[in-house]
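Down below is the structure, laid out as structure tokens.
From a predicted model like this one, the values you see are computed outputs, not experimental measurements. Hydrogens, waters and symmetry mates are skipped; everything else that's a heavy atom, side chains included, is used.
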Amino acid sequence: MMPVLSNHPKIMIVDDTPANLNLLQEILQAENYHIMAFPRGSMALSAAVKNPPDMILLDIRMPEMDGFEVCRRLKETPSLKDIPVIFISALSDTEDKLKAFSAGGVDYVTKPFHPEEIHARIKTHLHLQRLLRESEQRQEVLIGELPDIVIRFDKEARHLFVSGNIHELYGQDAKAYRGKTHRELFFPEEICEFWEDAVNKVFDTAETHETEKTFTGKGPAAIHNLRLIPEYDVNGKIQSALAISRDITASKMAEKALLQAKEAAEAANLVKSEFLANMSHELRTPLNGILGVMHLLQGTDLEPDDAEILNLGIHSAQRLTHLLTDIMDFSAMDAKRVRPSKESFEPEQVCKTLEGLFSLTALEKKIHLDIAMDPATPSLLVGDGPRLRQILGNAFKFTKNGSIRLEILPLSPLQNEKAHILFILSDTGIGISRDLMDQIWEPFRQADGSSTRSHEGAGLGLALIRRLVLMLGGTLCMDSLPGKGTEVFLLLPFDRSH
């Protein structure tokens, strides 16, 4: 932290004329300044390095080294560059004044000296310097409260400012860094090149640069998010690069752990899906054999009671077959083995297939089945016809009496490449309550999860339908009232067959 100016500021006077030195000392001693006087610029530079003054009064015309060169060297020395320099000269040439300000001077006074003018200028610039240092102190206090490490670099990658928590990176105190480069601090070549390249990018591009860097100091390796921001002087030129380094090791470790957990869960899910698919396939083979034998027995002469028992067995076996089919389809989709097909099909044929599949069921349950297709529907579409039949067929599952209606309506103009078809399925089934509407789309969830529910199934139907619809690029929504029935609105895109 920079020291605050004392009550007796140190003023350095540099002038090769002894009379001028004596006169300036007499003028300044009246204000209780601590005076440091030198007749040569080289002597003043050596003394300033050992004992930096608070202000310098610098003559322009001097042998060996003029005032402009002395000022330039002061500004090139990190520990001295912020000391205000007031040039003094017997000349009042405009070009000299411009050169004085270009070299880094803050003010200019001419000989012969007027004590009031010198006092006023010195007090003004000491006051400005005091305000600047107090501002820097407040800034350092605020920065010290931040968890981030803050570093300010000049163009040569020297440390102009380093926050106190810099020791977290390499274990060195902040004072060791100031005014030095990483090379002067004997850091490894890789670290030196990293910071030099980062600082050069800011000065070359005038843009903020952000990167991640793993630092290995005395403690364990730490991953930091590093941002380097250009800082400008009053003339709009880049004067420094501000580096803000934040330790993100914990968040990176948590991110890695989450990724590993996600990969493990996906692997376990894949194993589960493959197991279900394999088991379902293995169970279907003997089950089909059992159904075949039962159907053969139906062709024999059976007593009425025996025929009823056989029918119950066939019905149960068919239920199990449908369940295994759902499990196989769901597992295949879970394992991402299912891809939509692109084949030509007739929507009218799909309707006839649905009528044929469920006509017997509708007859047994005394359900009225009504399928209405708008005449404007294309006669031929390109898409996954079998999956469409599977989606639409699910509507018949929970309806015990009443009616089921399927409406098919084209929404997009036929001249478009895509034909968007709206399917509206309405039934008078068991219905679904509002609070369970979102849950039923999840696998193994049902509107009635009790052991005494009146309908069959494992809760895979709607979850499978939802995945199929998403796979085909469609959208799905539902409206339902418990005990009244359900309406499903399904919009699917298809290619038109040319």
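With sequence neighbours left out, His182 forms a ring pair (Phe, Tyr, Trp, His ring centres under 6.0 Å) with His159, Phe187, Trp195. Under the rule for a side chain to side chain donor-acceptor pair (under 3.5 Å), Asp374 has no partner lying at least two apart in sequence or in another chain. Annotation: salt bridge (Lys or Arg N to Asp or Glu O under 4.0 Å) contacts of Glu407 (sequence neighbours excluded): Arg405. Scored by the salt bridge (Lys or Arg N to Asp or Glu O under 4.0 Å) test, Glu196 finds Arg183 as partners (sequence neighbours excluded). Residues passing the salt bridge (Lys or Arg N to Asp or Glu O under 4.0 Å) test with Lys213 are Glu190, sequence neighbours excluded. With sequence neighbours left out, Ala176 forms a side chain to side chain contact (heavy atoms under 4.5 Å, CB included) with Gln172. Arg73 meets the side chain to side chain contact (heavy atoms under 4.5 Å, CB included) test with Leu45, Met65, Glu69; sequence neighbours excluded. Residues meeting the side chain to side chain donor-acceptor pair (under 3.5 Å) test with Asn51, sequence neighbours left out: Lys10. Contacts of Phe194 classified as ring pair (Phe, Tyr, Trp, His ring centres under 6.0 Å), with partners at least two apart in sequence or in another chain: none. Taking the salt bridge (Lys or Arg N to Asp or Glu O under 4.0 Å) definition, one finds that Lys262 meets it with Glu266, sequence neighbours left out.
Within the 3.5 Å criterion, the main-chain N or O of Ile223 finds no donor-acceptor partner in the side chain of Thr214.
One side chain, Asp384 or Ser341, offers a donor N or O that lies under 3.5 Å from an acceptor on the other.
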Output a table of donor-acceptor pairs, distance under 3.5 Å, between side-chain atoms of residues 342-351 and any protein atom two or more places apart or on a different chain; print 'none' if there are none.
{"unit_1": "Lys342", "atom_1": "NZ", "unit_2": "Asp495", "atom_2": "OD2", "d": "2.9"}

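Salt bridge Glu207/Lys201: absent, no basic N to carboxylate O contact under 4.0 Å.
Distance NZ/Lys256 to CD/Gln260: 5.5 Å, rounded to 0.5 Å.
Evaluation of the ring-ring contact (aromatic ring centres under 6.0 Å, His included) test over residues 462-492, restricted to residues two or more places apart or in two chains, returns none.
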